[in-house]
Colleague: 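The structure follows.
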Amino acid sequence: MTGVPASAAGGPSAAKGGPAGGVSGAASGVAPSAPSDAVSGTAAEVRASAVPAAGVVPGVASGAASGAGVDSGSKTARGGKIAAAAVNQASVWNVANLLTMLRLVLVPGFVALMLADGGYDPAWRSFAWAAFAVAMITDLFDGHLARAYNLVTDFGKIADPIADKAIMGAALICLSGLGDLPWWVTIVILGRELGITLLRFLVIRYGVIPASRGGKLKTLSQGIAVGMYILALTGWLATARFWVMAVAVVLTVVTGLDYVRQAIVLRRQGIAERKAALEETEA
């Protein structure tokens with residue numbers, strides 16, 4: 001019995017152990033690895049499918065967001081233009097333009113008061129002076145308000161100088177018609193005002209002639225002088241108004257000549273710049 005080989009002795013156990021070992025080997029070598037590989041492969045597939053999905057969905061979302069942003073931006077731009085247009089239309093009725101309209105309305109009222117009861121009644125002349133004073137004061141404020149609060153409109157640019165010339169022209173013509181002021185003074189002042197206004201339009205293609213300090217002083221002196229002539233003054237005040245009007249006439253002529261000089265210089269500069277630009281283009 002001792003001579004039986006160990007393998008034979010171990011045969012049954014090996015036979016028992018063979019299937020068991022095969023099952024064990026299958027369990028340890030195949031069965032665990034197969035599910036592991038399957039799980040790994042499935043996980044890989046899931047990750048692979050998840051990556052494109054993650055890459056596509058954000059891209060689509062980003063594109064959609066960009067498109068929405070463009071649409072929103074365009075809608076905002078269109079809305080801004082519409083709002084700006086509405087503001088521009090409404091801005092015609094701003095404070096500065098209303099003051100200008102008030103001056104225009106005061107012109108016929110001033111003339112009626114000035115010529116009431118023959119034009120020599122001190123009481124009516126006082127009322128006419130009050131209307132003239134309101135018109136001149138509003139002239140000082142409407143331009144300042146328009147520039148300070150960005151209320152400048154095309155209507156204001158046209159109506160403001162018309163209102164200025166209208167009230168001053170009406171006062172000068174009434175005074176000369178009543179014999180209180182020589183006609184040559186009225187002709188000089190109104191001729192200068194209309195001539196400079198026309199000159200501004202003629203040279204506007206080359207630039208804008210800015211209002212000078214002398215021009216503002218001229219306007220102030222004219223307003224004071226005409227206001228003193230509207231009132232029925234006597235004594236030394238009547239003499240004083242003559243000299244104030246003389247200063248106004250001198251300033252009117254001097255500033256008018258200065259505007260003519262500026263217009264000539266501006267025109268020459270504009271022609272020279274255009275000629276230089278044309279030569280540069282041709283070269």
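Since the structure is predicted, the reported quantities are computational estimates derived from the model, not experimental observations.
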Colleague: Check this for me: Arg192, atom CZ, are more than 12 non-hydrogen atoms of other residues, nucleotides or ligands nearer than 6.0 Å?
Modeller: yes
Colleague: Could you tell me if Thr153 and Asn97 have a donor-acceptor pair between their side chains, going purely by distance under 3.5 Å?
Modeller: yes
Colleague: Tell me, yes or no, whether the heavy-atom count around Phe141 atom CZ, taken from other residues, nucleotides or ligands under 6.0 Å, exceeds 12.
Modeller: no
Colleague: Can a donor-acceptor pair be found, under 3.5 Å and without considering hydrogens, that links the side chain of Asn94 to the backbone of Leu151?
Modeller: yes
Colleague: Could you walk me through whether Arg274 and Arg205 satisfy the side chain to side chain contact (heavy atoms under 4.5 Å, CB included) test, starting with their C-alpha distance in whole Å, then the side-chain angles of each, then the deciding distance to 0.1 Å, before giving a yes or no?
Modeller: CA-CA 11 Å; Arg274 288 188 177 185; Arg205 68 182 70 177; 4.1 Å; yes
Colleague: Report the C-alpha separation of Leu190 and Lys165 in whole Å, then their side-chain angles, then the decisive distance to 0.1 Å, and conclude whether the side chain to side chain contact (heavy atoms under 4.5 Å, CB included) test is met.
Modeller: CA-CA 8 Å; Leu190 292 184; Lys165 306 298 184 294; over 6 Å; no
Colleague: For residues Met114 and Ile230, report the shortest heavy-atom separation together with the two atoms involved.
Modeller: SD-CG2, 3.9 Å
Colleague: Apply side chain to side chain contact (heavy atoms under 4.5 Å, CB included) to Trp184 and Val249, showing your working.
Modeller: CA-CA 10 Å; Trp184 69 266; Val249 171; 4.3 Å; yes
Colleague: For Leu231, is there any backbone N or O sitting under 3.5 Å from a side-chain donor or acceptor partner on Arg241?
Modeller: yes
Colleague: Please evaluate residues Leu175 and Thr186 with respect to the criterion side chain to side chain contact (heavy atoms under 4.5 Å, CB included), reporting the C-alpha separation (whole Å), side-chain torsions for both, the decisive distance (0.1 Å), and the verdict.
Modeller: CA-CA 9 Å; Leu175 289 172; Thr186 297; over 6 Å; no
Colleague: For Arg125, is there an ion pair with Asp117 - N to carboxylate O distance below 4.0 angstrom?
Modeller: no
Colleague: Using modelled atom types and a 3.5 Å cut-off, is there a donor and acceptor pairing between side-chain atoms of Ser176 and backbone atoms of Leu181?
Modeller: yes
Colleague: Rounded to the nearest 0.5 Å, what separates atom CG in Leu104 from atom CG in Asp164?
Modeller: 9.0 Å
Colleague: Might you point out which heavy atoms bring Val226 and Met168 nearest each other, and give the distance in Å?
Modeller: CG2-SD, 3.6 Å
Colleague: Looking at Ala96, is its backbone amide N or carbonyl O close enough to the side chain of Tyr149 to form a donor-acceptor pair, meaning the two atoms are under 3.5 Å apart?
Modeller: no
Colleague: Would Lys218 and Glu193 pass as an ion pair if we require N to O under 4.0 Å?
Modeller: yes
Colleague: Please say whether more than 12 non-hydrogen atoms of neighbouring residues, nucleotides or ligands are located less than 6.0 Å from CZ in Phe127.
Modeller: no
Colleague: Given Arg103, which partner from the list Ile162, Thr138, Ile137 fulfils the side-chain contact (heavy atoms from CB on, under 4.5 Å) test?
Modeller: Thr138
Colleague: Please give me the minimum heavy-atom distance between Ala170 and Val111, naming the atom from each residue.
Modeller: CB-CG2, 3.9 Å
